[in-house]
Undergrad: 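Once you've had a glance at the structure underneath, I'll fire off some questions.
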Amino acid sequence: MIHGGNTTVIVSDISASIDFYTKVLGLVLRMRAGDHWAEIDAGGGMVIGLHPESEHGPKPGTTGALSIGLNVTVSVDEAVNTLSDRGVLFEGPVLDDGNVRLAFFSDLDGNPLYLTQVLHPGAHGAKD
């Protein structure tokens, strides 16, 4: 039901952050969706997702600015139902932007996690 994922980092400047992770740390830009999302391949299966800060979300460097995204191999709705039956409490409704569906929850210590169902795998594949 869960296979792979990424660590999401909320950043103040996505272009500067891409430069830091690629030019300074020497990692590889896997994909970029404009100023909305970028994926850095850190090797060994680790992906760092860069997401710009938003008015309503956590600020970079604060609690909640790092979260773990888990890819699902079934629909998000099915995964939410299964995990809810196991006692997981989800925060708010499933979000759907047309390309991905997301469901947010926390682990036992309050660390933020989310489930991701990619609806259109090639939609965000272009690099800028």
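The residues of the chain are indexed from 1 along the displayed sequence. Since the model is a prediction, treat every value here as computed from it, not as a measurement.
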Undergrad: Distance check, rounded to the nearest 0.5 Å: D97 atom CG versus L119 atom CG?
TA: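 Between D97 CG and L119 CG, I get 8.0 Å after rounding to 0.5 Å.
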Undergrad: Please report the shortest heavy-atom distance between P112 and G64, naming the atom on each side.
TA: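 For P112 versus G64, the nearest heavy atoms are CG-CA, 4.2 Å.
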Undergrad: Any non-hydrogen side-chain atom of I40 less than 4.5 Å from a side-chain atom of V28?
TA: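 In short, these two side chains do not touch, never coming nearer than 4.5 Å.
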Undergrad: For E39, what residues pass the side chain to side chain donor-acceptor pair (under 3.5 Å) criterion, not counting sequence neighbours?
TA: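 In terms of side chain to side chain donor-acceptor pair (under 3.5 Å), with neighbours along the sequence ignored, E39 is linked to R30, W37.
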Undergrad: Show which side-chain atoms of residues 14-24 pair as donor or acceptor with protein atoms under 3.5 Å away, not counting sequence neighbours.
TA:
| from | atom 1 | to | atom 2 | distance (Å) |
| --- | --- | --- | --- | --- |
| S15 | OG | R32 | NH2 | 2.9 |
| S17 | OG | D13 | O | 3.0 |
| T22 | OG1 | I18 | O | 2.7 |

Undergrad: Test of understanding: with side chain to side chain donor-acceptor pair (under 3.5 Å), list the residues that count as partners of N111, not counting sequence neighbours.
TA: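 N111 satisfies side chain to side chain donor-acceptor pair (under 3.5 Å) with D107 once adjacent residues are dropped.
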Undergrad: Got a sec, which pairs hit ring pair (Phe, Tyr, Trp, His ring centres under 6.0 Å) with one end in residues 40-75, sequence neighbours left out?
TA: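 Non-adjacent pairs meeting ring pair (Phe, Tyr, Trp, His ring centres under 6.0 Å): zero.
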Undergrad: Got a second to check how far L27's CG is from M46's CE, nearest 0.5 Å?
TA: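 With rounding to 0.5 Å, CG (L27) is 9.0 Å from CE (M46).
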Undergrad: If you link I, L, V, M, F, W and Y whenever their side-chain heavy atoms are under 4.5 Å apart, who else ends up in the same group as I68?
TA: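 I68 shares its hydrophobic cluster with M1, I2, L70, V72, V74, V76, V80, L83, V88, F90, V94, F105, L113, L115.
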Undergrad: Give me each pair satisfying salt bridge (Lys or Arg N to Asp or Glu O under 4.0 Å) with a member in residues 43-52, each pair once, sequence neighbours excluded.
TA: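 Qualifying pairs, neighbours excluded: none.
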Undergrad: Going by the side-chain hydrogen bond (donor to acceptor under 3.5 Å, both in side chains) test, which pairs reach into residues 59-69, not counting sequence neighbours?
TA: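 Applying side-chain hydrogen bond (donor to acceptor under 3.5 Å, both in side chains) to every pair that reaches into residues 59-69, excluding sequence neighbours, yields nothing.
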Undergrad: L29 and V11: same hydrophobic cluster, using ILVMFWY side-chain contacts below 4.5 Å?
TA: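 Per the 4.5 Å side-chain linkage, L29 and V11 are co-clustered.
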Undergrad: Taking atom CG of L50 and atom NE2 of H36, what is their separation to the nearest 0.5 Å?
TA: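 Those atoms lie 14.5 Å apart.
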Undergrad: I need the full list of side-chain hydrogen bond (donor to acceptor under 3.5 Å, both in side chains) pairs touching residues 71-92, with sequence neighbours left out, sorted by first then second residue.
TA: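 Found D77-R101, E91-S106.
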Undergrad: Please identify each residue that fulfils ring-ring contact (aromatic ring centres under 6.0 Å, His included) with Y114, with sequence neighbours left out.
TA: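 Y114 satisfies ring-ring contact (aromatic ring centres under 6.0 Å, His included) with F104 only.
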